[in-house]
Amino acid sequence: MTRNEGSIVSVSVCGASRVKTQVPDRKRSFMSPSIKIADPRKLKLLLTSSFLASMACVDLCAELTAARMADDFVEAQGVCLHVQNFSEQQWPQMRKYLGDLGFRYYRDGLEHADNPVLLARYQDLYDSFGMKLLAVCGPYGNDGLQPADGSLDHVVAKIAKIKHLILAVEGPNEPEYFWHDGWEYGGFKDRPSQVVWYQNLLYKTLKENAETRDLLVTSFAAARVETPYNWYRESKPDISHDIAAYHHYNGVFLPNPYDTLKNVREYYRSEKPFYLTEHGYRIRGDGHVSQKAQMKLNTRSMAFFYDWDGNQKTFFYVAGPDSADGEDYGLSNKDFTPCPTYTSMKQVISLVNDSKWNPALKKWDTVEFTPESLDYSATGENQDFGWRLIQKRNGEFFLMALPYINVANSDGSDIENRTRAVTLSFKSKYKVTQYQCNDYGVYQATNLEASATSFDVKLPDTLTLFKIVSTK
């Protein structure tokens, strides 16, 4: 198979391979959005792969399903970026990667806003590609974000100057790692109390400033969800935020968003929306997976966390090989050649993107519309899949088959999964194109029957998309 990074490859026949399925010793629970449960909190650890395997007869989405705007899916994706770590020679390549990727948001530290070279990069990402910044704000290092006489007015003044470039302001990053024990802020000596004091002061100062009061403010995001949960389980302080933020790294296993979400909401004691501000999979170092598995996991996460019970945006870690972490998690290799995960994510966005950025007007040409519904069902070996339905303004539906299948063993080695036989059925006749990803992250397009109401398909352990077009 030819490696191709720049376009979707079309083929006329879709082959289906069957190989021995391996099941890892350790399974993780998850919530399937296609299964209706009266009280999901009572099933905290029951929805394992083995549990779902016993439900082979369940028909998913056998009803009229309302689609979401395709642009909502694109709006939900972001990437973490360390702008300052790229040299003058490296930046043009990374800039091009970011523009080609098609994400509209990136996450970086606010401390760089005073550097004219880095500020110019922020401005260019917005001017050229419409990308906005999730600005992380914490008192780390000599970055000008520390309180001055108990005030953060100087920090908010810095934010006000670049407000047009900002999506939202995020509280301190991973305070259990980066907060210094010798600090004393707000009259507190213990770290948990200082973090809450800084977070609440940041929120209060932003909201009291006429220029910044309409900016969204996220909570601080701990490296481990259980850290703030344990910090505040007893004291339950008020933590000011518009959006709850958290980080989610899950090694080689399936995401377990219910337990994560439960802790996030419990320690904030709110039902506010949230951003997943760091998420990714290692391709080097402890807990690493292969680049092929990273591609499958990251691309799947684009759909998995898309509007999952309040999750509004997911920021994938990290854009490039800008540091040791960047090489371990990055979407591109050290020599700036793209990893398969970059290629696959880029092509998913290219398929479903429904808006263009107008550099002259500094706006997206987004058209708001009410998506239609689609009457369909998925039967067969569908118990290992969830489904997402979106629609573009031209009427094209995209149905995403989201695999709940482990792709790596605990030692990081690949699991070679067999394909699953699924039948998609519709009430009317449609023209259907299946987009399936190869090992290099290239989506291959296969035209199914020209006009039919039922399609027998083979689903792999990667995110698969079906473009569904009415024949009327």
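Keep in mind that the numbers below use all heavy atoms, side chains included, and drop hydrogens, waters and symmetry copies.
Residues S151 and D153 bring a donor and an acceptor atom of their side chains to less than 3.5 Å of each other. For the residue pair H164 and Q123, a side-chain donor N or O sits within less than 3.5 Å of a side-chain acceptor on the partner. No hydrogens or angles considered: a donor-acceptor pair under 3.5 Å links the side chains of E174 and H247. A donor-acceptor contact under 3.5 angstrom links the side chains of E75 and Y105, judged on distance only. Side chains of Y122 and D108: a donor on one and an acceptor on the other come within 3.5 Å. Counting only N and O atoms by type, the side chains of N173 and R107 include a donor and acceptor under 3.5 Å apart. Judged by distance alone, the side chains of Q194 and W183 never bring a donor and an acceptor atom under 3.5 Å apart. Residues T314 and Q77 bring no donor and acceptor atom of their side chains to less than 3.5 Å of each other. E372 and Q391 are linked by a side-chain donor-acceptor pair at a separation below 3.5 angstrom, with hydrogens and angles left out of the test. Residues D190 and S193 bring a donor and an acceptor atom of their side chains to less than 3.5 Å of each other. There is a side-chain donor-acceptor pair under 3.5 Å between R104 and N353. Counting only N and O atoms by type, the side chains of Q436 and Y443 include no donor and acceptor under 3.5 Å apart.
A 6.0 Å sphere centred on NZ of K427 holds no more than 12 heavy atoms belonging to other residues, nucleotides or ligands.
Rounded to the nearest 0.5 angstrom, N358 CG and K363 NZ are separated by 8.5 Å. In this structure, NZ on K356 lies 7.5 Å from CG on D365, to the nearest 0.5 angstrom. Between L101 atom CG and K346 atom NZ the span is 8.5 Å, to the nearest 0.5 Å. Atoms CG and OH, from L134 and Y106 in turn, are 10.0 Å apart once rounded to the nearest 0.5 Å. For the atom pair CG of L424 and CG of L399, the computed distance is 6.0 Å after rounding to the nearest 0.5 Å. Of the inter-residue distances, the one linking Q199 atom CD with Y203 atom OH reads 9.5 Å to the nearest 0.5 angstrom.
Side chain of D354 to backbone of R393: a donor-acceptor contact under 3.5 angstrom is found. Of the possible donor and acceptor atoms, one in the side chain of R300 sits under 3.5 Å from a partner among the backbone N and O of P403. Distance alone, capped at 3.5 Å, places no donor-acceptor pair between the N209 side chain and the T205 backbone. With hydrogens and angles ignored, the 3.5 Å screen pairs no side-chain donor or acceptor of S332 with any backbone N or O of G320. Between the side chain of H154 and the backbone N or O of Q146, at least one donor-acceptor pair lies under 3.5 Å.
Salt-bridge formation is not detected for the pair K207/D214: no Lys NZ or Arg NE/NH1/NH2 atom is positioned less than 4.0 Å from an Asp or Glu carboxylate oxygen. Ion pair R420/D384 flagged as a salt bridge, since at least one NZ, NE, NH1 or NH2 atom sits closer than 4.0 Å to an Asp/Glu carboxylate oxygen. Of the charged side-chain nitrogens involved, at least one lies within less than 4.0 Å of a carboxylate oxygen, so that D328 and R282 count as a salt-bridged pair. K163 has no carboxylate O lying under 4.0 Å from a charged side-chain N of E211, or vice versa, which leaves the two without a salt bridge. Comment: K272 does not engage D242 in a salt bridge, judged by the lack of any side-chain N to carboxylate O separation of less than 4.0 angstrom. Comment: K292 does not engage D461 in a salt bridge, judged by the lack of any side-chain N to carboxylate O separation of less than 4.0 angstrom.
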Query raised in the report: Under the salt bridge (charged side-chain N to carboxylate O under 4.0 Å, His left out) criterion, do R191 and D181 qualify, and how do the steps go?
Result: CA-CA 7 Å; R191 183 179 305 192; D181 287 330; 2.5 Å; yes

Report task. Please test R224 against Y177 for side chain to side chain contact (heavy atoms under 4.5 Å, CB included), starting from the C-alpha separation and ending with a verdict. Result -> CA-CA 10 Å; R224 302 182 66 86; Y177 289 160; 4.2 Å; yes

Report task. For the pair Y198 and W179, evaluate side chain to side chain contact (heavy atoms under 4.5 Å, CB included) and give the outcome as yes or no after the intermediate values. Result -> CA-CA 11 Å; Y198 187 97; W179 207 273; 3.9 Å; yes

Requested in this report: Give the intermediate values and the outcome of side chain to side chain contact (heavy atoms under 4.5 Å, CB included) for residues L402 and R388.
Outcome: CA-CA 8 Å; L402 169 61; R388 300 288 189 271; 3.9 Å; yes

**Report entry** Full working for side chain to side chain contact (heavy atoms under 4.5 Å, CB included) between V136 and L110
**Finding:** CA-CA 5 Å; V136 184; L110 181 66; over 6 Å; no

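Annotation for Y281 and S301: closest pair OH-OG, 4.0 Å, computed over non-hydrogen atoms. Nearest heavy-atom pair, L459 versus A401, reported as atom, atom and distance to 0.1 Å: CD1-CB, 4.0 Å. Between S128 and P359, the shortest heavy-atom contact is O-CG, 4.3 Å. The heavy-atom pair separating W357 from Y126 by the smallest distance is CZ2-O, 3.2 Å. Nearest heavy-atom pair across G150 and L201 is O-CD2, 3.5 Å. Contact detail for A303 and F73: the closest heavy-atom pair is CA-CE1, 4.0 Å.
F466 has its ring centre no less than 6.0 Å from the ring centre of W387.
In this structure, the side chains of L297 and F304 stay at 4.5 Å or more apart for every pair of heavy atoms. Between V348 and L465 the shortest side-chain heavy-atom distance falls below 4.5 Å. Using a 4.5 Å heavy-atom cutoff, the side chains of T462 and T299 are not in contact. With contacts defined as side-chain heavy-atom distances shorter than 4.5 Å, the pair F274/Q312 does not qualify. Contact of the F397 side chain with the K392 side chain is not registered, since no non-hydrogen atoms from C-beta on lie closer than 4.5 Å. Looking at heavy atoms from C-beta onward, D238 lies out of side-chain contact with S240 at the 4.5 angstrom threshold. Counting only heavy atoms from C-beta outward, the side chains of V195 and F220 approach each other to under 4.5 Å. Between N417 and V407, the closest side-chain pair of non-hydrogen atoms falls below 4.5 Å.
The aromatic rings of F178 and Y140 sit tilted, their planes meeting at an angle between 30° and 60°. Between Y376 and F426, the ring-plane angle classifies as tilted under the 30° and 60° cut-offs.
Considering Y329, F305, Y246 in turn, F305 is the only one that fulfils the ring-ring contact (aromatic ring centres under 6.0 Å, His included) rule with H279.
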